[in-house]
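Everything on this sheet refers to the single structure shown next.
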Protein chains: 2
Amino acid sequence: MQAGVSQATVSTFLAGNTDLIARETALRIKSAIAELDYTPNRSARTLRTQRSMVVACVVPDITNPFYPALFAAAQATLGAEYDVVAINSGGQRDAEQAVIAAALRGRYDGLLGVFFSCRASDFEDAVKAGVAVVRIEARRKLSGDLAIDDVFVDNRRAARELTDCLLSLGHVRIEMVAAAGGPETVRVDGYREAMQKAGHEVVVHKAKAFTAEGGAQAIRAMLEAGDPPTAILAANDLMAIGAMRALGEAGLSVPGDVSIAGFDDIMPAALAVPQLSTVALHQDELGARAASLLLQRFSGVADGAGRLVEMPFDIVHRASIGPPRQMPHETRIHQRRNST
Amino acid sequence: MQAGVSQATVSTFLAGNTDLIARETALRIKSAIAELDYTPNRSARTLRTQRSMVVACVVPDITNPFYPALFAAAQATLGAEYDVVAINSGGQRDAEQAVIAAALRGRYDGLLGVFFSCRASDFEDAVKAGVAVVRIEARRKLSGDLAIDDVFVDNRRAARELTDCLLSLGHVRIEMVAAAGGPETVRVDGYREAMQKAGHEVVVHKAKAFTAEGGAQAIRAMLEAGDPPTAILAANDLMAIGAMRALGEAGLSVPGDVSIAGFDDIMPAALAVPQLSTVALHQDELGARAASLLLQRFSGVADGAGRLVEMPFDIVHRASIGPPRQMPHETRIHQRRNST
DNA sequence: CTGTTAGCGCTTTCAA
DNA sequence: TTGAAAGCGCTAACAG
């Protein structure tokens, strides 16, 4: 080496074990590194250490505005040393499994993301082989004894509170729009709980997909079927926005004729007219927290059983909801009193 | 090896040089691979071949809805063999340079993306070292003799056509809202050309950023300053949506009082009320095309000087634009005739 | 404190 | 048509 020092010593220096190295030698190495603009070769290091320094961020659909924020935050938290690969799973089981298998083969040191189709047991081999896994979930989940960390938001409670919010405005006929294959079950559960507690009828409209078009179609079908409710709760913001559009096309005003609320607080929710009431899940904080759990696993700070981290949500009250038009005056006043 | 064959032979087999291998041996290798579920080790291969099989997709801001579609398409085109790392540059020069430097050191085989701050010369070392580079641009650009491929959409012409579209509706006072540091220059140029050709006054309002809030602020300032124009052209959709909001808050209707058009055709543009007229740049096709150019470089199919690929745009005519209210009746009829 | 040595798992000559 | 051998650049164990 240029510094008149062996490879191994440089390696020790780079590893930060500076106390094992003579002050003078360290200085010589340092200046040689600066002079040569030396950077250790990643693949050689990976081959030797069996650590790829690559993390896969698995999301169902990166074009859904919910996920880029999550991804960006995770990436920022992991820092420049780690490469973060975004994987579009489409929520498909085979795609999710493929990523897990790749990690098992050493391609990824860690897995972070939203796994709609894989269960804890699917991660078993990878986790036992030392792959760090952090899932982002819609509810508290038991990962058995596997070392899988979960970051979750209590979506059921969020849905309950959002429904309560609508109830407290005086709505009685509140109906939900949901598609299958995502975080909808817990959200529907929360809605159902709140409605049943209040003694009102539970009505869930099935949509084809978690998209604006899915929401719009469901609403059109609902309108054809007859008398619309005074409030609609959509399983996510995209569907809510589609629903708003369909109502507008049918000549109904929001929130005058129908109140609408969604879920996720994605950017278009704030840009919609009227602005959409929703539940903020703070995707950036989810991503950052998940990434920091991953880093703790990498550094060995954490190594026991899986951890469970609950993250807060916020009900975002915006212009798309209001009291029902048909409501008797006295009741409205009554409600006001209750809510103050 | 399990197949009673040497490492080297397996490597030859895997490389696809099947004609160099005895039929029987090939079969034995194949079944051994299947049985062992063998996959060659990436880092060993990378170390040996100096190809990382990783591509960096550089975008200014992955949370801007324009980019995820680009990213996803590029990723899909590159296929599962390549890992695609999304890099948020923030449009910052140092971030862009850091990625280039990393590629030069062998971390990335290829670079694909939108480089707001780096010029062709910044890529020189990397390109000469064999890194494949495909840029996505807003105009035809000369990359000198460097082997840099460009995929571009003629944004200037797009802006001109969009302005013409507004002019043909009868607008005379059309003003633009733009921020600095992005693709705004060519878009402003196109607007200016169209206006000057029509003999109308060119007015450009400066916004702070390419965001909805940036657009809203600029419009508020404009309204305070006095009489608003009958049409506004925003440098991108986010700003246009912000502008729509600001106008709404000021009690002006779109398109009744003011027509608005944007640029990019991001998802929220179609979800806005009224739906936003804009220019579709087809980000998915941009990403796919860029990725395929990259693959051609990788495979050696292409190796000469940089290629220039022009991609089409489409004017998307939606409800946010209409004829100016104050327009004399006869003129409107006249316009109708012209446009038929 | 520092250097020597032995691989990590692959591809690539070159020889048989 | 196949195998032996070298080595990509690094780290970890051990010896000095």
Side-chain angles (χ1 to χ4, degrees), chain A residues 1-33 36-54 81-83 101-109 129-131 298-300, chain B residues 1-33 36-54 81-83 101-109 129-131 298-300:
Chain A
M1 295 282 313
Q2 159 126 0
V5 179
S6 87
Q7 178 84 252
T9 312
V10 176
S11 182
T12 320
F13 174 83
L14 253 32
N17 301 331
T18 332
D19 45 341
L20 289 179
I21 293 180
R23 185 177 302 266
E24 198 200 340
T25 317
L27 251 48
R28 223 148 10 103
I29 295 177
K30 200 168 161 187
S31 71
I33 285 178
L36 300 173
D37 194 21
Y38 169 80
T39 321
N41 179 302
R42 277 196 138 222
S43 33
R45 183 176 273 180
T46 295
L47 179 59
R48 180 65 231 237
T49 61
Q50 310 283 24
R51 303 190 73 196
S52 66
M53 302 301 281
V54 179
E81 281 299 288
Y82 284 92
D83 270 338
L104 180 57
R105 281 190 235 110
R107 185 152 161 185
Y108 308 120
D109 289 343
V131 176
F298 291 153
S299 69
Chain B
M1 297 282 311
Q2 160 127 357
V5 177
S6 86
Q7 179 84 252
T9 313
V10 177
S11 182
T12 319
F13 174 83
L14 253 31
N17 302 331
T18 332
D19 45 342
L20 291 178
I21 293 180
R23 187 176 302 265
E24 198 201 341
T25 317
L27 251 48
R28 224 153 4 107
I29 295 176
K30 201 169 162 188
S31 72
I33 285 177
L36 299 173
D37 194 22
Y38 169 81
T39 321
N41 179 301
R42 276 194 139 223
S43 31
R45 182 175 273 180
T46 295
L47 179 58
R48 183 62 231 238
T49 61
Q50 309 281 29
R51 302 188 74 198
S52 66
M53 301 302 281
V54 179
E81 281 298 288
Y82 284 92
D83 270 338
L104 180 56
R105 280 189 236 111
R107 185 153 161 184
Y108 308 120
D109 289 343
V131 175
F298 291 153
S299 70

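Every chain is numbered from 1, with letters handed out A, B, ... down the list of sequences.
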Task: Test log, rule salt bridge (charged side-chain N to carboxylate O under 4.0 Å, His left out), inputs A/Asp83 and A/Arg42 - done: CA-CA 11 Å; A/Asp83 270 338; A/Arg42 277 196 138 222; 3.7 Å; yes
- [ ] Check the pair B/Arg51 / B/Thr46 against side-chain contact (heavy atoms from CB on, under 4.5 Å), numbers first and verdict last.
- [x] CA-CA 5 Å; B/Arg51 302 188 74 198; B/Thr46 295; over 6 Å; no
Under 3.5 Å, side-chain donor or acceptor atoms of residues 10-29 of chain A against the rest of the protein: list the pairs with distances, not counting sequence neighbours.
residue : atom : partner : partner atom : Å
A/Thr12 : OG1  : A/Ala8  : O            : 2.7
A/Thr18 : OG1  : A/Gly16 : O            : 3.2
A/Arg28 : NH1  : A/Ala3  : O            : 2.8

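Looking at heavy-atom distances under 4.0 Å, A/Ala8 makes contact with a base. Using a 4.0 Å heavy-atom criterion, one finds that A/Asn17 contacts no nucleic acid atom at all.
Spacing between atom CD of A/Glu24 and atom P of C/dC1 amounts to 12 Å, rounded to whole angstrom units.
Where A/Gln50 and B/Ser11 each meet DNA chain C at their nearest nucleotide, the meeting point lying more 5' is that of A/Gln50. Closest-nucleotide positions on DNA chain D for B/Leu47 and B/Ile21 were compared, and the one nearer the 5' end corresponds to B/Ile21.
Nearest nucleotide to the B/Arg48 side chain, out of D/dA12, C/dT11, D/dT1: C/dT11.
For B/Thr9 and D/dT2, the shortest distance from a side-chain N or O to OP1 or OP2 is not below 4.0 Å.
Comparing the end axes of the helix from C/dC1-D/dG16 to C/dA16-D/dT1, each fitted to five base pairs by superposing C1' atoms of four pairs onto the next four, gives an inter-axis angle of 40° (nearest 10 degrees).
For the 3.5 Å distance criterion, the side chains of B/Asp37 and B/Thr39 fail to qualify, holding no donor opposite an acceptor.
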